[in-house]
4 protein chains.
Amino acid sequence: MAEFAALGRPRSETARVAVLRAVDDLLVEIGYSAMTMKGIAERAGVGRQTVYRWWPTKAHILVEACADDARGELAFVVRDDPVGAITDFLVALTEFLTASPAGAAYRALLGEAQHDAEVGRLVAAADLLAPPARAVLGQVRGRLRGVPADPFAVAELCGPVVLIVMTGATPPSRLALRAHARRLAAAWS
Amino acid sequence: MAEFAALGRPRSETARVAVLRAVDDLLVEIGYSAMTMKGIAERAGVGRQTVYRWWPTKAHILVEACADDARGELAFVVRDDPVGAITDFLVALTEFLTASPAGAAYRALLGEAQHDAEVGRLVAAADLLAPPARAVLGQVRGRLRGVPADPFAVAELCGPVVLIVMTGATPPSRLALRAHARRLAAAWS
Amino acid sequence: MAEFAALGRPRSETARVAVLRAVDDLLVEIGYSAMTMKGIAERAGVGRQTVYRWWPTKAHILVEACADDARGELAFVVRDDPVGAITDFLVALTEFLTASPAGAAYRALLGEAQHDAEVGRLVAAADLLAPPARAVLGQVRGRLRGVPADPFAVAELCGPVVLIVMTGATPPSRLALRAHARRLAAAWS
Amino acid sequence: MAEFAALGRPRSETARVAVLRAVDDLLVEIGYSAMTMKGIAERAGVGRQTVYRWWPTKAHILVEACADDARGELAFVVRDDPVGAITDFLVALTEFLTASPAGAAYRALLGEAQHDAEVGRLVAAADLLAPPARAVLGQVRGRLRGVPADPFAVAELCGPVVLIVMTGATPPSRLALRAHARRLAAAWS
DNA sequence: GCTTAAGCGAGACGGTACGTCTGGTCTTACT
DNA sequence: AGTAAGACCAGACGTACCGTCTCGCTTAAGC
């Protein structure tokens, strides 16, 4: 089966990786709003046009840069105890949002989504939070019969922690998260 | 009782109101990120320096412009039934976040807070969500003995709705919110 | 015999002197173009409006500030020898233009006159160079019968030195000026 | 023979010419002091940065814009008669300073040089007046043995006319200039 | 081995917002 | 009515980034 002929010089993998790497670094070093397309290109040692050719905005680069990391960091381990499983996930989520570069990227993107509907769609499509959350919910659903249907299931699980982190409060301790997990289990039993 | 002598020309109330009004309008018309200090000044018919004299960033103006509105729109009516009270609040919150100009401002500010720590502090200080939420929680606490302490009480109440709205999902119906309220009541009983 | 009654508060001599003084200082310290009405007012410890009330531009202040000084520094001593008299005047003129604050003011004003016709008229009206020059020419006219009529007399006397100084060449020595004076005397004999 | 590789997009000749042209026009239309870098860029249909990239101040643009014109307008024709040659040059100089756009530029630059030493050096380096003057002096030196050495030769030739023009007096007639030329010839014979 | 075609780094282009500065004007209370 | 203070509207300053463009060069595939 014939592929489309690849005319001209093929895309440089070196450049692609350098840009993603530069975005990761810059996000940590100077923050989302101080990050510019110009700065990214320079940091990556790449022409400006090369960045614009493959990504229309810094949000798009950021999504590509952090999607894999995000999913990895929220992966969960099987746990027999529902409250324990929920607690583990919430701790991982808190850690992710407050301490991980990928989490910082996610917060920045969710923030930008409030300013720019296009970024909103992008973040919604990337769907970084829901899959890991649904994995936990699926595991728990055997023991807890009242787990709600999808929009609310994920929201009830993640929403409180996300709100706490985004409003800048001190991140909750494992103890507090365990108590929260117990209340969720009660609500869903 | 002696007042401090007012040296020089006093601040123009006209200019102050014109700027707040312009920010309100522009947020609705062109959105947060397209809004510029230059544009605000021009729309308000005010010198650029006058804007900078009183507010360092557009986020500061927005906080001043929407704080009062926000509090008003989330004010709640006393309700005997806990689930009903929670439902009413959640409906008002959803309405606020998705349909009101002040809510749009709040979302923009919460978004900007993820990019700029200074704005984060500002939004935290303005504390727009917590007081109305605490009012509901206070009323409900008589019937429900398990309402948690403060960081989580507000977060469990508002977090799921805020997350749903911020991720761009279709806003929940009153029915879905009532079911969510019932689960909250169960968790807190 | 009755004067017109001076209604209201009389003009503050303190303020007037402070402004003139400030202009003198600032010209030396930061130069003409860096000098602003705002800066003058602040340096003089005077309200901005007070400056604008009495002088429309910094050029007007400068003329008032340096006119007396200028005339003083170019005053000449009677001298029997025509070449000596001319030489003395040219040395004084060179000194004035290159080393004196009043001379710096004169150069700045003559410069500004090339940009702004209103300042041109002002400088022409102040007529700082011509009277001292005419004094020398008057004294010399007894011995030299060919001294030309007015526009050219002053111009031939002062023009070469002024041009040399304004084009930034190294100021001429007394010897060179004496030779120049001898040529002038030859031309006018 | 290898040239240096031209990295990046080459400078736009169109933009360069448009700016020089805009400066020429604006000087005539609104004068030196009303001319702004912003206005020049807009008039030239050029980005502001493009102007700043190649010229630090409007004085630098003006020098580049008028240097060639200036030299052309002061070019002289060979003349056997020394007084006639000097007269011709003085008439051309007067014409240049009072009626030509390039002359207006020269006056503005000489004026600005009194405010800003950097512009002073620039104007001195451009050296617009001296070469044509020296051409005349060279021609005349055969007949007149007393023509002085360089700083004064040019100054005695041009200074009186320049001073008359810069102080805003009515420009001298050809008759007056011829008389002045005769006195110069006498001084230098 | 030559042609064709697209990607590459570099950097200038026309725009425009930034935050600061000054220009002039005005509005206070005080003298 | 003049004064110092200082806010007002207006707009230029020089810088930074936007997204586009034009260079010469590189790197492939197809002839």
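Computed from heavy atoms alone, side chains included, the values below leave out hydrogens, waters and symmetry copies. Naming: A, B, ... by sequence-line order, numbering from 1 per chain.
Remark: W54(A) is in phosphate contact with dC8(E), judged by side-chain N or O atoms under 4.0 Å from OP1 or OP2. Between T50(D) and dA12(E) there is no side-chain N or O to OP1 or OP2 distance below 4.0 Å.
Between the side chain of R9(D) and the base of dC13(E), no donor-acceptor pair under 3.5 Å is found. For Q49(C) and dC26(E), a side-chain-to-base donor-acceptor distance below 3.5 Å is present, hydrogens and geometry of angles not being considered. Applying the 3.5 Å distance criterion, the base of dG14(F) shares a donor-acceptor pair with the side chain of R48(D).
Backbone-only contact: G45(C) has heavy atoms under 4.0 Å from sugar-phosphate atoms and none from a base.
Atom NZ of K58(A) is separated from atom P of dC17(F) by 11 Å (rounded to the nearest Å). Taking atom CD1 of residue I40(D) and atom P of nucleotide dG14(F), one finds them 10 Å apart after rounding to whole Å. W55(A) has its CH2 atom 13 Å from the C1' atom of dG7(E), to the nearest Å. Atom-to-atom, CD of E42(D) to C1' of dC13(F) comes out at 13 Å; the value is rounded to the nearest Å. If you take CE of M37(D) and C1' of dA12(F), they are 11 Å apart, rounded to a whole angstrom. Nucleotide dG15(E) holds its C1' atom 19 Å from the CZ atom of R43(D), rounded to whole Å. Between the P atom of dC8(F) and the CZ atom of R16(B) lies a distance of 12 Å, rounded to the nearest Å. One can place NZ of K38(C) at 13 Å from P of dT20(E), the figure rounded to the nearest angstrom.
Residues G47(B) and T57(D) both approach DNA chain F. Their nearest nucleotides, taken by heavy-atom distance, put G47(B) toward the 5′ side. Comparing G8(D) and A34(A) by the nucleotide of DNA chain F that holds the closest heavy atom to each, the one mapping nearer the 5' end is A34(A).
Counting only heavy atoms from C-beta on, P10(D) has its side chain closest to dC23(F) among dG14(F), dC18(F), dC23(F). Closest to the side chain of R53(D), from the set dT15(F), dG24(E), dC13(E), is dC13(E). Among dC17(F), dC8(E), dA4(F), the nucleotide with an atom closest to any side-chain atom of S12(A) is dC8(E). Here the side chain of Y52(D) is nearest to one of dG23(E), dT3(F), dC13(F), namely dC13(F).
In this structure the side chain of E112(B) never reaches within 4.5 angstrom of the side chain of K58(B), judged on heavy atoms. Within the 4.5 Å cutoff, the side chain of L62(C) has heavy atoms near those of the Y32(C) side chain. At a threshold of 4.5 Å between non-hydrogen side-chain atoms, the residues W54(C) and R16(C) do not count as touching. Within the 4.5 Å cutoff, no side-chain heavy atoms of Q114(C) are placed close to those of Y106(D).
The environment of CZ in R11(B) is crowded: more than 12 heavy-atom neighbours from other residues, nucleotides or ligands sit within 6.0 Å.
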